[in-house]
Visitor: 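Below is one structure. I have some questions about it.
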Amino acid sequence: MSNRVVVTGMGAITPIGNSVEEFWNGLKEKKVGISPITVFDTADYKVKLAAEVKDFEPKNYMDPKTAKRMERFSQFAVAAAKEALEQSGIDMENEDAFRVGVCIGSGIGSLQSIEREYKKLMDKGPSRVNPLLVPLMIGNMAAGNVAIQFGLKGKCFNVVTACATGTHSIGEAFRSIQYGEADVMVAGGTEASITPLSIAGFGALTALSTSQDPLRASIPFDKDRNGFVMGEGAGVVVLESLEHARKRGARIYGELAGYGATCDAYHITSPAEDGSGAAKAMEWAIKDAGAVPEDIDYVNAHGTGTHHNDLFETKAIKLALGEHAYKTHINSTKSMVGHLLGAAGGVEFIACVKAIQEGFVHATAGLECPDEECDLDYTRGEGVHTDVRYAITNSLGFGGHNASLVVKRFEE
């Protein structure tokens, strides 16, 4: 028998709030966290907007000296993990630290440090490059820094699958607990890639929206969509075996019941046109949860706002859920926070847990002109108060990576 896995803590740093409560309230209020880019001059760029995290002070989460030895993506991860661990009520003095692990991924790591130190190399020579460049930039340091900060000595790793990173990280942490490798896993994703090189690169790929209207930039499933909006932040959750959570009298927010992962093996950026890869990930996650398609009340879609993603994901949902797809509430959290790349799956998983807790599916903000080919219920207009027992969250990453998680209301 594999262990049942429950969610006992959540933490979020997002463009619409730097806590789970602020993030969730923002989603309920259709608060759009997109605005003109402030971190560099966009005069020469076609892309002018991003979803930046506002008012983030690292010293609120760690001592200033520690913060200086971390890049922004690692700082976000530590901040979100701190909230999640505090909410969980875990006291590490009462735990076997080798049974508490970490799986927090970043799609890119620190482009900021690469850009900054490459300029030094070109301008002043190799002797001026920061000795800490490598540990600052590499993507696994989010997980490493979280483990160091909180004394978590168990299995510590990360997954890098572009935009599916957060979802895969939570899924692999789930498997680690199911298999008995850990009692507790701190899991999720983090990203901070609003930089000149990133915006230039994604812009050259024509993946980013060139809209200059924050309310019409990230508009998944809308006929006028023309790309995603770069976001940043972190979403981290505390997962525990049910037995461990019960033993310490933890509050349980939901049960992670199923995980499915596949590859399209089709194209480096485009999802498979028939949606078959993403559909299979959903099917496997539903089967893993011991559920059937008709059980799914809500789908938190990958929903990036690119033409291909939204069209092919719609096909995938229909393939996986059959006729039930037309009766299922679907939305895109990215309509408000933009695309957090490696962190997207983390914050979207939290949105699913909150939807189950509160019986509310938030709206897809900015969805005004329905696309005839995207003909499902994407929660246009206002959010919906409805009973949510089972929710599924999807993430699709460059390289053809697909991941789906099924979270359900906890029942004894």
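Basis for what follows: all heavy atoms, side chains included, without hydrogens, waters or symmetry-related copies.
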Visitor: Under a plain distance cut-off of 3.5 Å, with no hydrogens placed, do T328 and D377 share a side-chain donor-acceptor pair?
Guide: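 No, no side-chain donor-acceptor contact under 3.5 Å.
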
Visitor: Distance from D44 atom CG to K46 atom NZ, nearest 0.5 Å?
Guide: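 D44 CG to K46 NZ: 12.5 Å, rounded to 0.5 Å.
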
Visitor: Given 3.5 Å as the limit, does a donor-acceptor pair link the side chain of Q112 with the main chain of A192, or not?
Guide: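 The answer is yes, because a donor-acceptor pair under 3.5 Å joins these two groups.
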
Visitor: Checking the side chain of E243 only, and the main-chain atoms of N3 only, is there a donor and an acceptor separated by less than 3.5 Å?
Guide: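 Not confirmed, E243 side chain does not pair with N3 backbone.
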
Visitor: Does V5 offer a backbone N or O that forms a donor-acceptor pair with the side chain of Q178 under 3.5 Å?
Guide: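 No: the side chain of Q178 does not pair with the backbone of V5.
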
Visitor: Apply side chain to side chain contact (heavy atoms under 4.5 Å, CB included) to residues N394 and E348 and explain how you reach the verdict.
Guide: CA-CA 9 Å; N394 294 331; E348 290 159 16; over 6 Å; no

Visitor: If you compare all heavy atoms of G260 against all heavy atoms of A285, which two are closest, and at what distance to 0.1 Å?
Guide: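 Closest approach of G260 to A285, heavy atoms only: N-CB, 3.5 Å.
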
Visitor: In the structure I gave you, are the side-chain heavy atoms of S106 and T165 within less than 4.5 Å of one another anywhere?
Guide: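 With C-beta onward as the side chain, the pair stays apart.
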
Visitor: Give a yes or no on whether K153 atom NZ has more than 12 heavy-atom contacts from other residues, nucleotides or ligands under 6.0 Å away.
Guide: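 Open: at most 12 neighbouring heavy atoms sit under 6.0 Å from NZ of K153.
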
Visitor: Judged by modelled atom types alone, do T304 and H339 share a side-chain donor-acceptor pair under 3.5 Å?
Guide: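 On atom types as modelled, these side chains do not qualify, holding no pair under 3.5 Å.
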
Visitor: With a sphere of 6.0 Å drawn around NZ of K54, does it hold more than 12 non-hydrogen atoms of other residues, nucleotides or ligands?
Guide: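 Correct, the count exceeds 12.
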
Visitor: Between the side chain of E240 and the main-chain N/O of V7, is any donor-acceptor distance below 3.5 Å?
Guide: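 No; judged by distance alone, with no hydrogens or angles, the pair does not exist.
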
Visitor: Quick one: CG on N402 to CG on L396, what's the gap to the nearest 0.5 Å?
Guide: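 Taking CG in N402 and CG in L396, the distance rounds to 5.0 Å.
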
Visitor: Say whether T262 and K280, considering side chains only, have a donor N or O and an acceptor N or O under 3.5 Å apart.
Guide: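 No, no side-chain donor-acceptor pair sits under 3.5 Å.
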
Visitor: Are any of the side-chain nitrogens in K31 or E29 under 4.0 Å away from the carboxylate oxygens of its partner?
Guide: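 So K31 does not pair with E29 through a salt bridge.
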
Visitor: Checking H244 against E95: is there a side-chain donor and acceptor pair closer than 3.5 Å?
Guide: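 Result is yes, a qualifying pair exists.
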
Visitor: How close do D310 and P220 get, heavy atom to heavy atom, and via which atoms?
Guide: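 Heavy atoms of D310 and P220 come nearest at OD2-CA, 3.2 Å.
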
Visitor: Report the distance from atom OG1 of T8 to atom CD1 of I90, rounding to the nearest 0.5 Å.
Guide: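 Rounded to the nearest 0.5 Å, the OG1-CD1 separation comes out at 5.0 Å.
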
Visitor: Does the plane of the ring in Y61 sit parallel, tilted or perpendicular to the ring in F56? Use 30° and 60° as the thresholds.
Guide: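 Judged by the thresholds at 30° and 60°, the geometry between Y61 and F56 is parallel.
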
Visitor: Can you confirm if the aromatic rings of H329 and H362 lie within a centre distance of less than 6.0 Å?
Guide: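 Centroid distance H362-H329: not below 6.0 Å, so no.
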
Visitor: Does a side-chain heavy-atom distance below 4.5 Å link H307 with R225?
Guide: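 Contact flag for H307/R225 side chains = yes.
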
Visitor: Any idea which heavy atoms bring A173 and L239 closest together, and the distance?
Guide: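 Smallest interatomic distance, heavy atoms only, reads CB-CD1, 4.1 Å.
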
Visitor: Do W24 and E358 make a side-chain contact, defined as non-hydrogen atoms from C-beta onward lying under 4.5 Å apart?
Guide: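 Side-chain contact under 4.5 Å: yes.
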
Visitor: Let me see the working for T314 and E373 under side-chain hydrogen bond (donor to acceptor under 3.5 Å, both in side chains), right down to the final yes or no.
Guide: CA-CA 8 Å; T314 294; E373 291 185 286; over 6 Å; no

Visitor: If you count the non-hydrogen atoms of other residues, nucleotides and ligands that lie under 6.0 Å from CG in D55, is the total more than 12?
Guide: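 Incorrect, the count does not exceed 12.
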
Visitor: Nearest 0.5 Å, please: how far is CG in L152 from CE in M185?
Guide: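 Separation between the atoms: 9.5 Å.
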
Visitor: Checking side-chain polar atoms at under 3.5 Å, does S169 have a donor or acceptor matched by the opposite partner on N158?
Guide: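 S169 vs N158: no donor-acceptor pair found between side chains.
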
Visitor: Are the charged groups of R248 and D183 less than 4.0 angstrom apart, N to O?
Guide: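 Answer for the salt bridge query: no.
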
Visitor: Please give me the minimum heavy-atom distance between L341 and S193, naming the atom from each residue.
Guide: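 It is CD1-CB, 4.2 Å.
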
Visitor: Between L136 and S110, is the side chain to side chain contact (heavy atoms under 4.5 Å, CB included) condition met? List the steps.
Guide: CA-CA 7 Å; L136 284 170; S110 175; 5.7 Å; no

Visitor: Would you check if the side chain of S218 reaches a backbone N or O of F228 as a donor-acceptor pair within less than 3.5 Å?
Guide: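 No: the side chain of S218 does not pair with the backbone of F228.
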
Visitor: Which is it for L367 and I219 under the side chain to side chain contact (heavy atoms under 4.5 Å, CB included) test, yes or no, and what are the steps along the way?
Guide: CA-CA 6 Å; L367 174 52; I219 49 172; over 6 Å; no

Visitor: Side chain of S335, backbone of S332: donor and acceptor closer than 3.5 Å?
Guide: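 Between the backbone of S332 and the side chain of S335 there is a qualifying donor-acceptor contact (under 3.5 Å).
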
Visitor: Step by step, would you call K223 with E368 a salt bridge (Lys or Arg N to Asp or Glu O under 4.0 Å)?
Guide: CA-CA 8 Å; K223 196 183 230 174; E368 292 175 8; over 6 Å; no

Visitor: Give the intermediate values and the outcome of salt bridge (Lys or Arg N to Asp or Glu O under 4.0 Å) for residues E273 and K315.
Guide: CA-CA 8 Å; E273 294 185 12; K315 290 181 180 179; over 6 Å; no

Visitor: In Å, rounded to the nearest 0.5 Å, how long is the span from CG of D274 to CZ of F312?
Guide: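 Answer rounded to 0.5 Å: 9.0 Å.
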
Visitor: Please give me the minimum heavy-atom distance between I34 and P214, naming the atom from each residue.
Guide: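 For I34 versus P214, the nearest heavy atoms are O-CB, 3.3 Å.
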
Visitor: How about F360 and H385: are their ring centres within less than 6.0 Å of each other?
Guide: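 Under 6.0 Å, so yes.
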
Visitor: Run the salt-bridge test on E172 and R175 with the 4.0 Å N-O cut-off and return the result as yes or no.
Guide: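 Judged by the 4.0 Å cut-off on N to carboxylate O distance, E172 and R175 do not form a salt bridge.
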
Visitor: Please identify which of these residues, E232, R72, E115, meets the side-chain contact (heavy atoms from CB on, under 4.5 Å) condition with T195.
Guide: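 Only match with T195 under side-chain contact (heavy atoms from CB on, under 4.5 Å): E115.
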
Visitor: Within the 4.5 Å heavy-atom criterion, are V47 and L49 side-chain neighbours or not?
Guide: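 No - every pair of side-chain heavy atoms lies 4.5 Å or more apart.
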
Visitor: If the condition is side-chain contact (heavy atoms from CB on, under 4.5 Å), which residues does E255 pass it with, not counting sequence neighbours?
Guide: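 Testing E255 for side-chain contact (heavy atoms from CB on, under 4.5 Å), a comparison that skips the adjacent residues, returns R4, V6, K408, F410.
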
Visitor: Just wondering, more than 12 heavy atoms not from Y118 lying within 6.0 Å of its OH?
Guide: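 Not buried by this count: 12 neighbours or fewer within 6.0 Å.
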
Visitor: Strictly under 6.0 Å, is that where the ring centroids of F40 and Y45 end up?
Guide: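 Yes.
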
Visitor: I'd like to know if the side chain of D297 and the backbone of R389 have a donor-acceptor N/O pair within less than 3.5 Å.
Guide: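 At least one qualifying donor-acceptor pair exists.
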
Visitor: Quick one: does any side-chain atom of D264 pair with a main-chain N or O of A272 as donor and acceptor, under 3.5 Å?
Guide: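 Indeed, once roles are kept as given, a pair shorter than 3.5 Å links the two residues.
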
Visitor: Counting N and O atoms only, with roles assigned by atom type, does the side chain of T306 sit under 3.5 Å from a partner on the main chain of G227, one being a donor and the other an acceptor?
Guide: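 The answer is no, because no donor-acceptor pair under 3.5 Å joins these two groups.
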
Visitor: Do S211 and D213 have side-chain N/O donor and acceptor atoms under 3.5 Å apart?
Guide: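 On atom types as modelled, these side chains do not qualify, holding no pair under 3.5 Å.
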
Visitor: Answer whether the closest heavy-atom distance between the side chains of F174 and D288 falls below 4.5 Å.
Guide: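 Yes, their side chains come closer than 4.5 Å.
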
Visitor: On a heavy-atom basis, which atom in K318 and which in L376 lie closest, and how many Å separate them?
Guide: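 Smallest interatomic distance, heavy atoms only, reads CE-CD2, 4.0 Å.
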
Visitor: Do side-chain atoms of D371 reach the backbone of D222 as a donor and acceptor pair under 3.5 angstrom?
Guide: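 Between the backbone of D222 and the side chain of D371 there is no qualifying donor-acceptor contact (under 3.5 Å).
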
Visitor: side-chain hydrogen bond (donor to acceptor under 3.5 Å, both in side chains), that's the test. Do S209 and N226 meet it? Break it down for me.
Guide: CA-CA 5 Å; S209 171; N226 74 340; 2.9 Å; yes

Visitor: We want to know whether Y259 and T167 form a side-chain donor-acceptor pair, criterion being a heavy-atom distance below 3.5 angstrom.
Guide: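 Looking only at side-chain atoms, T167 and Y259 do not form any donor-acceptor pair under 3.5 Å.
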
Visitor: With a 6.0 Å cut-off (strictly less than), is the heavy-atom count around CD of E181, excluding the residue itself, greater than 12?
Guide: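 More than 12 heavy atoms, drawn from other residues, nucleotides or ligands, come within 6.0 Å of this atom.
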
Visitor: Within this structure, what is the CG-NZ distance for the pair L132 and K68, rounded to the nearest 0.5 Å?
Guide: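 That separation rounds to 12.5 Å.
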
Visitor: Take S176 and F157, measure what side chain to side chain contact (heavy atoms under 4.5 Å, CB included) needs, and give me the verdict at the end.
Guide: CA-CA 11 Å; S176 298; F157 67 117; 4.1 Å; yes

